[in-house]
Amino acid sequence: MRPVRTLTYGAVALVSAVGLALPTLGSAADAASSVHYVALGDSYSSGVGTGSDSGSCGQSSAAFGPLWAAANSPASFSFQACSGATIPDVESSQLSALSSSTTLVSITIGGNDAGFSTIMETCVLESDSACESAINSGVSTAQNTLPSEFATLYSDIKSDAPNAKIVYLDYPDFYDTSVSGCIGLDSTKHTALNNGIDAIDAAFKSAASAGGATFADVRSAFSGHELCDSNAWLHSVNVTDIDESYHPTATGQSSGYLPVFSSAASSVGQ
């Protein structure tokens, strides 16, 4: 069980500050003011890697959920995402924030259940074959074990928040495999990791569709900003802060996750 923190955003008076704003912007703000938003999930939602995450859950105001709330001023915002969370963790310690008044839910989850940390540790420290074996094991778990857990999770979210739109966001590819001479893991591992992420994301997309959630794919947003690119939005291995390794930077949250989530959430409250 991990402690969670809740942030509540009341209506913010912005009329005087944005008096010259276009009418369409005012309409969007009016719509958002009726939204009751809950951010669930793991470290990709809590904001690990942004440089400002803190506490046992690694929460940061630079994560896409708080950024969306700050920009849209929903009627309420509950920040439940926690680093290291698995599907059972969300069930046991995060769903209590949901209610019949909840209208928007975001979630990233499943990476820890599929063994992301074990996969990355193996790929960093061991051979190509060991890396590929760990990836295959994670993909198998995602395809064969996790669908039933996701089905229960989505069912429980809908039971607790029957009026909410659920947006599931996936995980970006880690490497730009078109770049040669990239320092770090070899190209075989780069390709294997990306293929594994794509297979896991595909399984999670199927689970989201079956569970009635909107699947929001961040991979195209991160294209050109993966590891090996000059302007990467992901952290490589950091031996001084291992937790941030392979997590989005603050820019990855604001320029990668946030626009994708904003697009998926755009119809809520309208």
Side-chain angles (χ1 to χ4, degrees), residues 1-18 21 24-48 50 52-83 85 87 89-109 153-169 208 211-214 216 250 253-254 257-270:
M1 296 286 288
R2 298 175 175 82
V4 293
R5 295 179 293 167
T6 300
L7 304 177
T8 302
Y9 290 76
V12 180
L14 296 176
V15 176
S16 60
V18 292
T24 52
L25 296 179
S27 299
D30 292 341
S33 68
S34 66
V35 173
H36 295 267
Y37 170 36
V38 179
L40 308 174
D42 55 23
S43 55
Y44 280 71
S45 288
S46 71
V48 170
T50 59
S52 60
D53 53 288
S54 62
S56 59
C57 280
Q59 291 185 331
S60 170
S61 59
F64 72 85
L67 290 175
W68 187 92
N72 292 277
S73 300
S76 66
F77 171 49
S78 182
F79 192 18
Q80 300 292 311
C82 194
S83 176
I87 293 174
D89 291 329
V90 173
E91 290 273 10
S92 65
S93 62
Q94 298 184 23
L95 297 192
S96 59
L98 302 176
S99 71
S100 59
S101 65
T102 304
T103 58
L104 177 63
V105 174
S106 66
I107 185 167
T108 60
I109 200 69
L153 175 62
Y154 288 130
S155 177
D156 290 343
I157 291 174
K158 289 193 289 186
S159 177
D160 292 337
N163 301 308
K165 178 175 185 176
I166 307 168
V167 179
Y168 177 88
L169 298 98
T214 296
Q253 289 282 345
S254 63
Y257 272 92
L258 178 59
V260 173
F261 175 61
S262 296
S263 177
S266 61
S267 64
V268 178
Q270 297 180 3

Side-chain donor-acceptor pairs under 3.5 Å in residues 156-169, sequence neighbours left out?
from: Lys158; atom 1: NZ; to: Gly211; atom 2: O; distance (Å): 3.1
from: Asn163; atom 1: ND2; to: Ser100; atom 2: O; distance (Å): 2.8
from: Lys165; atom 1: NZ; to: Ala264; atom 2: O; distance (Å): 2.5
from: Lys165; atom 1: NZ; to: Ser267; atom 2: OG; distance (Å): 3.3
from: Tyr168; atom 1: OH; to: Ile109; atom 2: O; distance (Å): 2.7

Going through the checks in order, is the side chain to side chain contact (heavy atoms under 4.5 Å, CB included) test met by Leu98 and Val105? CA-CA 9 Å; Leu98 302 176; Val105 174; 3.7 Å; yes

Is there a side-chain hydrogen bond (donor to acceptor under 3.5 Å, both in side chains) between Tyr37 and Ser106? Walk through the geometry before answering. CA-CA 8 Å; Tyr37 170 36; Ser106 66; 2.7 Å; yes

Chi angles and distances behind the side chain to side chain contact (heavy atoms under 4.5 Å, CB included) call for Leu40, Leu95: CA-CA 8 Å; Leu40 308 174; Leu95 297 192; 3.8 Å; yes

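Remark: the backbone N or O of Ser99 is paired with a side-chain donor or acceptor of Thr102 at under 3.5 angstrom. Between the side chain of Ser266 and the main chain of Ser263, a donor-acceptor pair closer than 3.5 Å is present. A donor-acceptor contact shorter than 3.5 Å links the side chain of Gln94 to the backbone of Gly41. In this structure, the side chain of Gln253 does not engage the main chain of Thr50 through any donor-acceptor pair within 3.5 Å. Remark: the backbone N or O of Val90 is not paired with any side-chain donor or acceptor of Ser93 at under 3.5 angstrom.
Rounding to the nearest 0.5 angstrom, the gap separating the CD atom in Gln59 from the SG atom in Cys82 is 6.5 Å. Taking CD of Gln80 as the reference point, atom OG of Ser45 lies at 11.5 Å (rounded to 0.5 Å). Between Phe261 atom CZ and Leu67 atom CG the span is 11.0 Å, to the nearest 0.5 Å.
Scored by the side chain to side chain donor-acceptor pair (under 3.5 Å) test, Ser46 finds no partners at all (sequence neighbours excluded).
Residues Phe79 and Ser61 are not in side-chain contact: their nearest non-hydrogen atoms beyond the backbone lie 4.5 Å or more apart.
For the pair Ser60 and Gly47, the tightest heavy-atom approach, listed with the atom from each and the gap, is CB-O, 3.9 Å. Listed here is the closest heavy atom pair of Ser78 and Ala97: OG-CB, 3.5 Å. Considering all non-hydrogen atoms of both residues, Asp53 and Gly58 come closest at CB-O, 3.3 Å.
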